[in-house]
Amino acid sequence: MSAVRRFPSRMSGGVYFGPADWRAKTWAIAPTPIPQTAAAGVTAINNRDTLLALVRRVGLGKTDRVTPALADQLELLGQRPVRLLVLNLLPSQPESALAAALTDLALAHLRAGLTLLDMALRAKQQLVAVDRHDQRTVKIWRDLAPGHNLGVKALLGKYPLAHPLVLLRVLCRRSVLNYAAPAAAGLLVVDPVTCWALGRAAAGEARFTHRPVQVVVQGLEPVLAMARIGEPLRDLFTRLGFPTADMECIAGGMLSGQLVNPADAVIEPHTDVLALRPSPRPEPSADCIGCGWCVQACPTGLNPAAILAEAGMHAAMPLAHLYEAVGCIDCGLCTYLCPSRLPLAATIGNIKRSLTAIPAAQAAPAPSSLSAQESI
Ligand code: SF4
Ligand code: SF4
């Protein structure tokens with residue numbers, strides 16, 4: 001039987017899309033042969049229970065901002081057939097310098113992790129969505145694909161570098177309201193670091209104590225560094241020789257990230273990008289002009305203008321719109337688009353955090369040695 005892969009062909013040029021009939025546009029089922037080239041140890045992982053046991057042993061936490069931890073996803077999915085989607089891919093820059101820095105060993109472990117997921121899940125479809133403007137990254141995945149039955153969907157130029165849930169919405173052409181939605185739709189979403197950590201653990205029993213983090217400092221070449229989970233950001237910047245005085249630090253990407261204090265914040269299992277830039281002068285805001293752009297852009301259907309207005313008028317007495325803030329995914333699109341430069345995302349994020357308990361960062365075990373080869 002020939003393997004036919006189909007993915008919704010009419011991709012959105014942004015975050016808007018048409019009918020919510022994506023379920024009807026069934027992703028074609030591709031036969032999934034069990035690869036014979038798995039790395040040592042991977043061949044033992046041939047069903048979900050053993051995969052789940054390995055995930056727990058590795059200590060994989062939440063490695064992406066799209067979904068719960070992989071173990072939680074597997075339990076939510078149970079024994080249902082799944083589609084495997086790899087999102088938010090190899091850390092890279094448009095000029096590809098960082099993708100080029102990935103070592104053969106890191107790629108081998110990434111390949112092993114994909115093999116492992118393929119074998120254990122026998123997924124109906126494996127799809128890699130390349131969200132960066134980077135042809136080299138696409139090529140790396142296409143090079144990996146033939147042996148792994150992976151489809152590669154390049155979204156180059158079709159995705160504003162925002163929250164991964166926005167990308168997921170673009171891919172699925174429907175609203176994705178919360179972190180449980182992918183699993184509810186039979187979709188297992190992982191990031192490449194999860195694949196890499198699984199493959200590395202299967203080959204050598206290493207726990208997930210370090211992860212690659214892209215560090216972008218304004219005016220300098222970006223760096224891809226191996227950081228210990230739990231490591232204070234200030235220590236990482238010092239180790240890399242980046243000054244933090246008079247700089248502001250953004251974790252998670254320039255558009256959808258959060259301002260953090262390097263003295264307090266630590267590397268978390270899902271920390272993928274850190275940016276340092278000179279502290280900007282506050283930009284003056286104007287009154288809301290009611291253009292509605294923030295409402296149209298919000299991928300979770302909120303009314304950012306109304307939330308901001310209620311926050312200003314009734315700060316001491318939260319109203320209905322304020323409670324909507326809990327659904328905010330911190331994508332930053334509303335702030336990005338607002339012509340009046342209103343601090344929508346920051347305000348709504350603060351409201352959300354005041355209404356919900358945020359789990360404390362999970363500290364990592366003591367650092368373990370990584371092989372010099374593994375450093376990237
Ligand atoms: S309110 Fe703004 S930051 Fe929150 S999800 Fe909507 S567009 Fe994104
Ligand atoms: S984008 Fe800004 S100006 Fe336009 S409705 Fe939203 S808050 Fe008001």
Side-chain angles (χ1 to χ4, degrees), residues 12-17 20 62 64-68 87-88 131 155 158-182 184-185 189 248-260 270-273 275 280 282-315 318-359:
S12 164
V15 296
Y16 310 108
F17 38 79
K62 183 175 169 183
D64 194 284
R65 291 171 294 151
V66 177
T67 59
L87 276 187
N88 214 24
D131 62 333
L155 296 174
K158 293 181 176 172
Y159 165 56
L161 287 173
H163 195 283
L165 274 179
V166 179
L167 172 60
L168 199 58
R169 177 174 172 177
V170 172
L171 281 167
C172 296
R173 298 200 294 166
R174 68 181 295 225
S175 294
V176 179
L177 293 176
N178 59 50
Y179 292 118
V189 184
E248 71 175 15
C249 178
I250 301 159
M254 294 297 275
L255 184 56
S256 59
Q258 300 287 314
L259 270 179
V260 295
H270 58 275
T271 304
D272 52 357
V273 184
E283 205 170 354
S285 298
D287 290 341
C288 173
I289 58 173
C291 65
W293 289 1
C294 56
V295 181
Q296 285 183 311
C298 181
T300 56
L302 305 184
N303 186 332
I307 297 173
L308 189 75
E310 287 195 0
M313 290 186 296
H314 305 283
L319 299 181
H321 277 123
L322 293 191
Y323 286 113
E324 283 183 12
V326 174
C328 173
I329 58 171
D330 300 311
C331 70
L333 285 174
C334 50
T335 299
Y336 183 67
L337 290 172
C338 177
S340 297
R341 319 310 295 163
L342 288 163
L344 295 160
T347 305
I348 294 167
N350 287 338
I351 295 169
K352 179 178 74 169
R353 279 177 277 284
S354 73
L355 293 175
T356 58
I358 303 295

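Counting convention: from 1, in listed order, for ligands and their atoms alike.
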Only one of Ser340, Cys338, Pro339 clears side-chain contact (heavy atoms from CB on, under 4.5 Å) with Trp293; which? Pro339
If you look at every heavy atom in Asp287 and Leu342, which pair is closest and at what distance? C-CD1, 4.5 Å
Tell me: protein heavy atom nearest atom 4 (Fe) of ligand 1, and distance? Cys328 SG, 2.3 Å
SG/Cys288 to CG/Leu344 distance, rounded to the nearest 0.5 angstrom? 8.0 Å
What is the closest protein heavy atom to atom 5 (S) of ligand 2, and at what distance does it sit? Gly292 N, 3.2 Å
Would you mind running through ligand 1 and noting each atom that sits below 4.0 Å from a heavy atom of Thr300? 5 (S)
Measure the distance from atom 3 (S) of ligand 1 to every protein heavy atom, then report the residue, atom name and distance (to 0.1 Å) of the closest one. Gly332 N, 3.3 Å
List the closest protein heavy-atom neighbour of atom 8 (Fe) of ligand 1: residue, atom name, distance to the nearest 0.1 Å. Cys331 SG, 2.3 Å
Do Leu259 and Cys249 have side chains that approach each other closer than 4.5 Å (heavy atoms only, starting at C-beta)? no
If I take atom SG from residue Cys298 and atom CD1 from residue Ile348, how far apart are they, to the nearest 0.5 angstrom? 7.5 Å
Contacts satisfying salt bridge (Lys or Arg N to Asp or Glu O under 4.0 Å) that involve residues 331-343 (not counting sequence neighbours) are Glu283-Arg341
Atoms of protein origin (N, O or S) under 2.8 Å from atom 2 (Fe) of ligand 2: Cys338 SG
Among protein heavy atoms, which sits nearest to atom 6 (Fe) of ligand 1, and what does the distance come to when rounded to 0.1 Å? Cys298 SG, 2.4 Å
Within ligand 1, which atoms have a heavy atom of Ile348 less than 4.0 Å away? 1 (S)
Determine yes or no for a side-chain-to-main-chain donor-acceptor pair under 3.5 angstrom, with Thr347 supplying the side chain and Leu308 the backbone. no
With a cut-off of 4.0 Å, which atoms of ligand 1 are near a heavy atom of Ala345? 3 (S)
